[in-house]
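To start, the structure itself, in structure tokens.
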Amino acid sequence: MAELTTEDRVCPLCCGANHDVVGTRDRHGAPLRTVLCTNCGHVFTNPAPSPETLAAYYRDAYRQDYKRIVVPKRKHIYRAGISALNRLTRLMPHISDSARIVDVGAGGGEFVYLLTKRGFNATGIEPHTGYATYARDTYGIDTKAGTFETVKFSEEQADAVTLHHVLEHTADPMSALQQIWGWLKRDGIATIEVPNIESWAHAPCHRFHRAHLHTFNRTGLEDALTNAGFSVMQVALPGDRGHLSVIARKTTPPTTETWRNVAAKSRTTLTAHTKLAHILSGQPARRIHTTITRPIREASAIRALGNPESGQALLDALFETDA
């Protein structure tokens with residue numbers, strides 16, 4: 001990603017101006033200043049890239065930078081397919097069979113393809129040109145290349161909007177939430193998953209990612225949704241990474257924003273997560289075990305599906321076994 005701006009900014013959630021520095025390097029050792037808002041406890045990159053830099057990065061380089069690829073490999077398609085099934089399981093109790101669903105940050109289109117196969121009216125938004133093109137060409141699904149700022153939807157047309165590891169990448173998460181509020185019909189559903197500041201999935205030196213402009217805590221995410229006009233219905237920590245997964249319903253925005261201050265709790269969490277504590281938690285050993293065994297398990301699972309070569313055949317086989 002290009003250079004960060006030099007301008008110090010207020011908290012992207014509560015607009016608090018006072019911050020404590022909690023990190024100076026990203027997970028690769030490159031300079032990255034990360035701060036904790038002393039007014040609410042939100043952790044964010046400060047200074048941050050300009051909106052123009054972000055748009056260009058996600059359009060042209062993010063997938064190459066993150067996974068060293070322009071289109072997804074078979075293992076990525078399989079993993080995304082498993083994730084899509086899990087996401088649909090959590091969403092299903094809250095939508096009707098004819099729901100119109102918008103998936104923001106659609107990646108290679110696996111979730112939108114699953115939704116389409118199950119009869120939903122689904123649209124994907126994906127900023128990376130290569131992935132958006134791949135999704136359209138491979139699965140024949142409605143995938144728009146662009147971002148919150150560039151893709152236009154009619155107001156109050158969607159029954160559900162999903163953001164799976166998207167909000168942490170946005171320049172202005174409150175504006176993003178307000179935009180999806182506008183896309184949703186009355187009582188529409190938003191499902192959001194983001195990294196969790198309390199998770200110990202990564203070692204302390206790998207805590208902050210250059211592409212993750214925000215690291216949320218549960219209270220801050222709930223307050224952000226409430227202040228944007230949502231009623232939080234469910235918060236879960238799916239999988240083994242401790243991510244925050246939230247389901248919220250569109251309601252009337254409050255007349256005045258309210259932010260609870262959990263700065264002390266966030267600071268305590270960061271302080272307690274030392275290198276030694278991380279080792280003693282057993283997480284490094286579990287991560288090594290997963291790294292070694294996952295390719296074996298995935299290869300075995302793909303063989304059990306008939307070893308399909310194309311992405312569409314792989315997803316078809318995976319989704320049909322779960323139908």
Side-chain angles (χ1 to χ4, degrees), residues 8-27 32-48 163 165-170 172-174 176-177 190-248 254 256-284 286-287:
D8 197 48
R9 61 174 178 159
V10 299
C11 175
L13 296 191
C14 75
C15 295
N18 297 319
H19 319 130
D20 291 338
V21 177
V22 293
T24 58
R25 299 281 172 178
D26 71 4
R27 64 180 56 178
L32 184 71
R33 184 174 179 264
T34 304
V35 303
L36 182 152
C37 174
T38 58
N39 186 60
C40 72
H42 184 56
V43 174
F44 60 99
T45 300
N46 191 16
L163 296 88
H165 289 273
V166 171
L167 201 61
E168 67 269 26
H169 296 272
T170 60
D172 187 344
M174 291 305 299
L177 292 176
T191 68
I192 298 171
E193 184 167 313
V194 294
N196 180 6
I197 193 67
E198 295 188 357
S199 171
W200 284 22
H202 296 286
C205 60
H206 292 168
R207 180 183 290 135
F208 301 121
H209 190 308
R210 179 167 291 268
H212 291 180
L213 303 183
H214 312 276
T215 308
F216 292 89
N217 61 72
R218 175 172 177 165
T219 300
L221 183 57
E222 290 178 346
D223 287 352
L225 282 160
T226 299
N227 289 322
F230 291 91
S231 174
V232 176
M233 303 165 61
Q234 182 185 109
V235 182
L237 305 175
D240 58 358
R241 297 294 180 90
H243 296 148
L244 288 165
S245 181
V246 179
I247 298 176
T256 303
E257 290 188 0
T258 301
W259 298 93
R260 292 169 287 178
N261 190 341
V262 292
K265 182 180 180 182
S266 295
R267 189 179 295 106
T268 298
T269 297
L270 293 172
T271 301
H273 191 193
T274 63
K275 182 178 180 179
L276 177 60
H278 187 73
I279 293 172
L280 294 177
S281 73
Q283 182 61 30
R286 289 190 291 271
R287 193 171 184 86

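Residue indices begin at 1 and follow the sequence shown.
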Do [X] and [Y] come within less than 4.5 Å of each other through their side chains, counting heavy atoms only?
X    : Y    : answer
T170 : P173 : yes
L32  : H209 : no
V246 : L221 : yes
L177 : I192 : yes
T268 : T271 : no
H42  : C14  : no
F44  : L36  : no
H169 : H212 : yes

Indicate the atoms forming the closest heavy-atom contact of [X] with [Y], along with that distance.
X    : Y    : result
V262 : N217 : CG2-OD1, 3.5 Å
G16  : C37  : CA-SG, 4.3 Å
L213 : R9   : O-NH2, 4.2 Å
A277 : A272 : CB-O, 3.5 Å

- Only counting residues at least two apart or in another chain, list the ones meeting salt bridge (charged side-chain N to carboxylate O under 4.0 Å, His left out) with E198.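 Applying salt bridge (charged side-chain N to carboxylate O under 4.0 Å, His left out) to E198 gives K265.
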
Which donor-acceptor pairs under 3.5 Å do the side chains of residues 223-235 make with protein atoms, sequence neighbours left out?
residue: D223; atom: OD1; partner: R260; partner atom: NE; Å: 3.0
residue: D223; atom: OD1; partner: R260; partner atom: NH2; Å: 2.8
residue: D223; atom: OD2; partner: R260; partner atom: N; Å: 2.9
residue: D223; atom: OD2; partner: R260; partner atom: NE; Å: 3.3
residue: T226; atom: OG1; partner: E222; partner atom: O; Å: 2.9
residue: N227; atom: OD1; partner: T258; partner atom: N; Å: 3.0
residue: N227; atom: ND2; partner: D223; partner atom: O; Å: 3.0
residue: N227; atom: ND2; partner: T258; partner atom: O; Å: 3.0

How many angstroms lie between [atom1] in [X] and [atom2] in [Y], if you round to the nearest 0.5 Å?
X    : Y    : atom1 : atom2 : value
I197 : T215 : CD1   : OG1   : 5.0 Å
S281 : L276 : OG    : CG    : 10.0 Å
E168 : N196 : CD    : CG    : 11.5 Å

Sidechain-backbone polar pair: [X] side chain, [Y] backbone, donor-acceptor under 3.5 Å:
X    : Y    : value
R33  : N46  : yes
D26  : F208 : no
N261 : T38  : yes

- Message: Which residue in the set T45, D20, N18, V21 passes side chain to side chain contact (heavy atoms under 4.5 Å, CB included) when paired with V35?
- Response: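 Going through the options one by one, the only one that passes is V21.
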
- Message: Classify the ring geometry of H273 against H278: parallel below 30°, tilted from 30° to 60°, perpendicular beyond 60°.
- Response: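 Tilted.
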
- Task: Could you check whether the rings of H214 and F216 sit parallel, tilted or perpendicular, using 30° and 60° as the cut-offs?
- Result: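 Rings of H214 and F216: tilted, 30 to 60°.
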
Could you give the side-chain donor-acceptor pairs of residues 199-206 under 3.5 Å, partners two or more places apart or in another chain?
residue: S199; atom: OG; partner: A201; partner atom: N; Å: 3.1
residue: S199; atom: OG; partner: R241; partner atom: O; Å: 2.5

- CA sep, side-chain torsions, deciding dist, call: R25, T34, side-chain contact (heavy atoms from CB on, under 4.5 Å): CA-CA 8 Å; R25 299 281 172 178; T34 304; over 6 Å; no

